[in-house]
Amino acid sequence: MNERLARACALAGRDARTVALLAVSKTFGPDAVQQALAAGQRAFGENYIQEGVEKILALRASRPGAAIEWHCIGPIQSNKTRLVAAHFDWVQSVDRIKIAQRLSEQRPAGMAPLQVCLQVNVDGGPTKSGVAPAELPALAEAVALLPQLRLRGLMCIPEPAASFEAQRVVFLQARTLFDALNARGFGLDTLSMGMSDDLEAAVAAGSTMVRVGRAVFGSRTALPEPSNRSSV
Ligand SMILES: *Cc1c(COP(=O)(O)O)cnc(C)c1O
């Protein structure tokens, strides 16, 4: 996977150190995370809160002190914010102020602030998750004020598109929103976009973090996927 990412960066004329790899371990057990850890991977993404927390606790028990960074990348219901605030380092799927407020209030004292990306519905896709682009600036302003959150950037999950160019066009819309917020002084450093099927186009459009599941861990097809988007 690292070679594929390096190639995508080279093709885009970018330094490979400017694009982080988030290994999406959803549906895979703690053993798969252990193996990736042994291979040098440090950042892992989980979609389903309960499953993610169980894995975080399993890894904390089996590898105490291991420097693992856990990212929540799935939809968050109000009744799950406490779990997220207590266990994850990052949340990339914040798309409304109510969830952000709860996460800030429930972040335990003594933990570093939660690192946050706002999920944007760039292409207006039927996946209902993500703030509409027109409402993004107001949400960013409100989230930036919350004491236990640190706003880092944007995340998007476009609908699958057939060609590299079609994928790139949508990712460039996210890039434009990201640049516009930074032009207003937000100081964002994370543009999380690109998955197994479209990471080259995302890197070409300026992604700083690709979230990759199947191309790292293999197929998930044997398992049901209660995701907020249909699996490709
Ligand atoms: C599952 C998932 C990914 C990884 O998808 P792959 O196609 O397996 O690379 C990335 N981001 C989110 C939000 C996901 O739910």
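All ligand and atom numbering here is 1-based and tracks the order in the structure. Both backbone and side-chain heavy atoms feed into the values below; hydrogens, waters and symmetry mates do not.
The atoms of ligand 1 that sit less than 4.0 Å from any heavy atom of Gly213 are 4 (C), 6 (P), 8 (O), 9 (O). Residue Arg214 approaches ligand 1 through these ligand atoms, each under 4.0 Å from one of its heavy atoms: 6 (P), 7 (O), 8 (O), 9 (O). Within the listing of ligand 1, atoms 9 (O) sit less than 4.0 angstrom from a heavy atom of Val212. Ligand-side atoms of ligand 1 in range of Ser196: 6 (P), 7 (O), 8 (O), 9 (O), range being under 4.0 angstrom from any heavy atom. The ligand atoms of ligand 1 that sit less than 4.0 angstrom from a heavy atom of Arg211 are 4 (C), 9 (O), 10 (C), 11 (N), 12 (C), 13 (C).
Counting only non-hydrogen atoms, the option in Glu46, Met195, Arg220 that gets closest to atom 8 (O) of ligand 1 is Arg220. Considering each of Met155, Lys26, Met1, the one bringing a non-hydrogen atom nearest atom 15 (O) of ligand 1 is Lys26. Of the candidates Val216, Ile157, Leu22, the one placing a heavy atom closest to atom 13 (C) of ligand 1 is Ile157.
Atom CD1 in Ile76 sits 11.0 Å away from atom CZ in Arg102 (nearest 0.5 Å). Distance check: Arg175 CZ to Leu154 CG gives 11.5 Å after rounding to the nearest 0.5 Å. Atom CD of Gln106 sits about 4.0 Å away from atom CZ of Arg82, to the nearest 0.5 Å. Note that the CD atom of Gln115 and the CZ atom of Arg150 stand 5.5 Å from one another [nearest 0.5 Å].
Of all the heavy atoms of Ile73, the ones lying under 4.0 Å from any atom of ligand 1 are found in both the backbone and the side chain.
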Given Trp70 and His87, is the side-chain contact (heavy atoms from CB on, under 4.5 Å) satisfied, shown in steps?
CA-CA 8 Å; Trp70 292 100; His87 294 286; over 6 Å; no
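Annotation for Glu165: atom CD counts as buried by contact number, over 12 foreign heavy atoms lying within 6.0 Å.
Contact annotation: Asp197 has no heavy atom less than 4.0 Å from any atom of ligand 1. A heavy-atom separation below 4.0 Å is not found between Gln92 and ligand 1.
Note: Phe217 and Phe44 have tilted aromatic rings, judged against thresholds of 30 and 60 degrees for the angle between ring planes.
Under 4.0 Å is where a charged nitrogen must lie from a carboxylate oxygen, and between Arg7 and Glu200 no such pair does.
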